[in-house]
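Just below is one structure, and these are the notes that go with it.
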Amino acid sequence: MTELQLDALDTLFFRDGKPFSLGEESWADGLFPPSPSVLYGAIRSTYALLQGIPFEQIESETAALNICSMYLRFEGQRNGNYLPLPREYGEYKQKSEGQRHSEQVGEYTDLVKLIPQKDLITQFQTGTAASSLQTGPGWLLGAPHAGRPIDTPADAWMGEEDFSDYLFGEAQDTLKGKRLQPLVPEEPKIGIARDRYTRSSAEGRLYRVGMRRVSRLHIRVRFQGLDFSSISSGMMKLGGEGKTVHFRNLSHFPDLKPWQWEFPEKAVSRFKVYLSTPAMLEHSIPDLQRHLGIAARFLGACSGKAVHIGGFDMKRRRPKPMRLAAPAGSVYLFESDTPVQLAPLQGLSLSDFLPEQGFGISYFAHM
C-alpha cells in the first residue's frame with residue numbers, strides 16, 4: 001500500500017462534467033477536489049514516466065492500480081484530516097457575525113445534525129427542509145429547531161475525530177466543519193486560442209477557466225498495485241493547463257503521518273453506508289448483494305444532486321462516456337436480518353463502474 005501527499009505549486013484546474021467546446025462555449029467551470037479518475041490517470045502516468053514505460057503499454061503495465069482512499073489534509077490543524085460532510089448534516093442560513101467571519105477566513109463552519117420530520121409540503125414552503133430521507137412516508141430531514149431555514153453545504157468537510165464518532169454512531173448534534181471555498185479561492189484565467197497556421201488570435205475563441213489557488217491544504221491518496229517503494233518524491237502533472245504538483249511518499253517522511261483509521265468492531269443489523277467519493281450506481285443505490293454478498297433491505301437515502309463524470313481517453317483520442325454519479329457525502333440506510341460485521345467492509349468500493357479508479361469508496365457506520 002502506498003500513500004502520496006500532493007502539494008500544489010501553482011493554481012490548479014479541474015473541469016466539471018459540463019461540455020466545453022472551444023469556439024462554442026466561453027466559460028469552463030472548475031471544481032475541487034478533482035474526480036478520482038483524475039488522480040488515477042496522474043498516478044499511472046507518473047509511474048510510467050519514472051519506469052520508462054512506452055505510451056502504448058501504459059494501460060496494460062498499470063492495470064493493477066487500485067485507489068483505496070482519498071482525503072484532504074489541512075495545514076495548521078491538530079486533527080487536520082478531512083472527508084466530505086455526510087449529507088445528513090446541514091447549516092443554518094441565518095448566522096451570527098462571528099460565524100460568518102470565521103467561515104470567510106477558513107477557520108470553521110457550524111454544522112448541525114438534521115432529524116427526520118413530517119409535513120413535507122410545509123417544510124419546503126418554510127425553507128427548513130434540507131434533503132429527503134425515506135425513513136417514513138413523506139418525511140424529510142430538517143432542522144432540530146422548527147422555523148429556522150436550513151441548507152446543506154456541498155463544499156463542507158468533516159474532521160477525522162468527528163468522522164470517527166460518526167462511524168461509531170456517537171456523532172454530536174453540532175460540530176465544526178470546514179468549507180473549501182475560502183481555502184481554494186477561484187482565480188479566473190482569461191485566454192484566447194491562436195490560429196494554428198498564422199499563430200495570431202483566432203476569432204471567436206476567447207475563453208475563461210476557473211483556476212483554483214490550493215495553498216492551505218494537501219490532497220492525499222492511498223493506492224495499491226504499483227510499486228512506489230523506491231520513489232520518495234517527485235513532480236506530477238495534475239489537471240488541466242499542464243499544471244504540476246509536488247508529491248511525497250509518506251513512507252519516506254515519518255513526520256507526515258497518514259490517517260490512522262479506527263473502525264467499529266461490533267456486528268449490527270441496521271447500518272449506514274457513507275460515500276467518501278462519487279459513486280456510479282446502476283440502480284441509484286449501492287448493491288450490497290453484488291459487491292459484498294450482503295442481503296440487506298434498503299431503508300432510505302440522503303443524497304445530493306448527481307454529478308457528471310467524464311474525461312478524455314488519451315490512448316484512443318476521444319472523450320470518455322459521460323456517466324451520472326451519486327455525490328460524495330451521500331448516505332444510505334440498510335437493515336439486515338443477519339448482523340453484519342462492519343470492520344472488514346470499511347474503505348471498499350461500491351461503485352458499479354470503475355471501482356478501481358477510486359469511485360464509490362464507502363464506509364459503514366452505526367445508526
Side chain to side chain, Phe74 and Leu180, heavy atoms closer than 4.5 Å: yes
Salt bridge flag under 4.0 Å for residues Glu88 and Lys272: yes
Output field: ring centroids Tyr274/Phe163 closer than 6.0 Å: yes
Backbone of Phe364 reached by a side-chain donor or acceptor of Gln346 within 3.5 Å: yes
Heavy-atom closest contact (Val307 atom, Pro278 atom, distance): CG2-CB, 4.2 Å
Val245 versus Ala8, closest heavy-atom pair with distance: CG1-CA, 4.0 Å
Charged N-O contact under 4.0 Å between Asp173 and Lys113: no
Aromatic ring pairing Phe168/His366, orientation class (parallel under 30°, perpendicular over 60°, tilted between): tilted
Lys237 side chain near Ser45 side chain, heavy-atom distance below 4.5 Å: no
Pairwise side-chain contact, Leu238 with Lys243, heavy-atom cut-off 4.5 Å (strictly under): no
Presence of salt bridge, Arg290 and Asp352, under 4.0 angstrom: yes
hydrophobic_cluster_shared for Met1 and Leu256, side chain cutoff 4.5 Å: no
Closest non-hydrogen atom pair, Phe271 against Ala296: CZ-CB, 4.2 Å
Test salt bridge (Lys or Arg N to Asp or Glu O under 4.0 Å) applied to Lys176 and Asp162, step by step: CA-CA 9 Å; Lys176 294 187 182 299; Asp162 290 321; over 6 Å; no
Leu49 with Leu6, same ILVMFWY side-chain cluster at under 4.5 Å: no
Pair Ser336-Thr338, side chain to side chain donor-acceptor pair (under 3.5 Å): steps then yes or no: CA-CA 5 Å; Ser336 174; Thr338 304; 4.8 Å; no
Geometric cation-pi criterion, Arg323 with Phe353: 6.0 Å, 45°: yes
Pair Tyr71 + Trp157: ring centers closer than 6.0 Å: no
Close side-chain approach of Arg220 to Trp259, heavy-atom, < 4.5 Å: no
Verify same cluster id: Met70, Leu250 (apolar side-chain graph, 4.5 Å): no
Cation-pi geometry met for Arg248 and Phe253 (6.0 Å, 45°): yes
Exercise: identify the closest heavy-atom pair between Pro327 and Arg87: CB-NH2, 3.5 Å
Flag, side chain of Thr46 to backbone of Ala42, donor-acceptor distance under 3.5 Å: yes
Check: Ser230 and Phe228 side chains under 4.5 Å, non-hydrogen atoms: no
Backbone N/O of Arg212 and side chain of Thr11: donor-acceptor pair under 3.5 Å: no
Reported CG-to-CD1 distance for the pair Leu350 and Ile285, which is rounded to 0.5 angstrom: 11.0 Å
Working for salt bridge (Lys or Arg N to Asp or Glu O under 4.0 Å), residues Arg179 and Glu91: CA-CA 11 Å; Arg179 296 290 292 271; Glu91 63 177 351; 2.9 Å; yes
Within-4.5 Å side-chain heavy-atom neighbours: Leu299 and Glu335: yes
Hydrophobic cluster identity match, Leu4 and Leu50, side-chain contacts under 4.5 Å: yes
Within one Ile-Leu-Val-Met-Phe-Trp-Tyr cluster: Met367 and Leu85, side-chain cutoff 4.5 Å: yes
From CG (Leu288) to OG (Ser362), nearest 0.5 Å: 9.0 Å
CD/Gln57: more than 12 non-hydrogen atoms of other groups inside 6.0 Å: yes
Chi angles and distances behind the side-chain contact (heavy atoms from CB on, under 4.5 Å) call for Val331, Val273: CA-CA 6 Å; Val331 178; Val273 176; over 6 Å; no
Student check: side-chain heavy atoms of Phe14 and Val38 closer than 4.5 Å: yes
Tyr40 vs Phe223, ring-ring contact (aromatic ring centres under 6.0 Å, His included): CA-CA, chis, key distance, verdict: CA-CA 9 Å; Tyr40 183 85; Phe223 60 90; 9.5 Å; no
CD (Gln172) with more than 12 external heavy atoms under 6.0 Å: no
Main-chain N/O of Ile231 paired to Asn249 side chain as donor or acceptor, under 3.5 Å: yes
Ser276 side-chain N/O to Ile361 backbone N/O, donor-acceptor pair under 3.5 Å: yes
Thr62 side chain vs Arg44 backbone, donor-acceptor pair below 3.5 Å: no
Glu170 atom CD, over 12 foreign heavy atoms within 6.0 Å: yes
Atom pair OG/CD of Ser35 and Gln357 - distance to nearest 0.5 Å: 8.0 Å
Aromatic ring pairing Tyr332/Phe334, orientation class (parallel under 30°, perpendicular over 60°, tilted between): tilted
Partner of Phe359 by side chain to side chain contact (heavy atoms under 4.5 Å, CB included), out of Leu275, Leu281, Leu354: Leu354
Electrostatic pair Lys178:Asp155 at N-O distance under 4.0 angstrom: no
Nearest atoms (heavy-atom pairs only) where Ser233 meets His246: CB-NE2, 3.9 Å
Close side-chain approach of Val184 and Arg216, heavy atoms under 4.5 Å: no
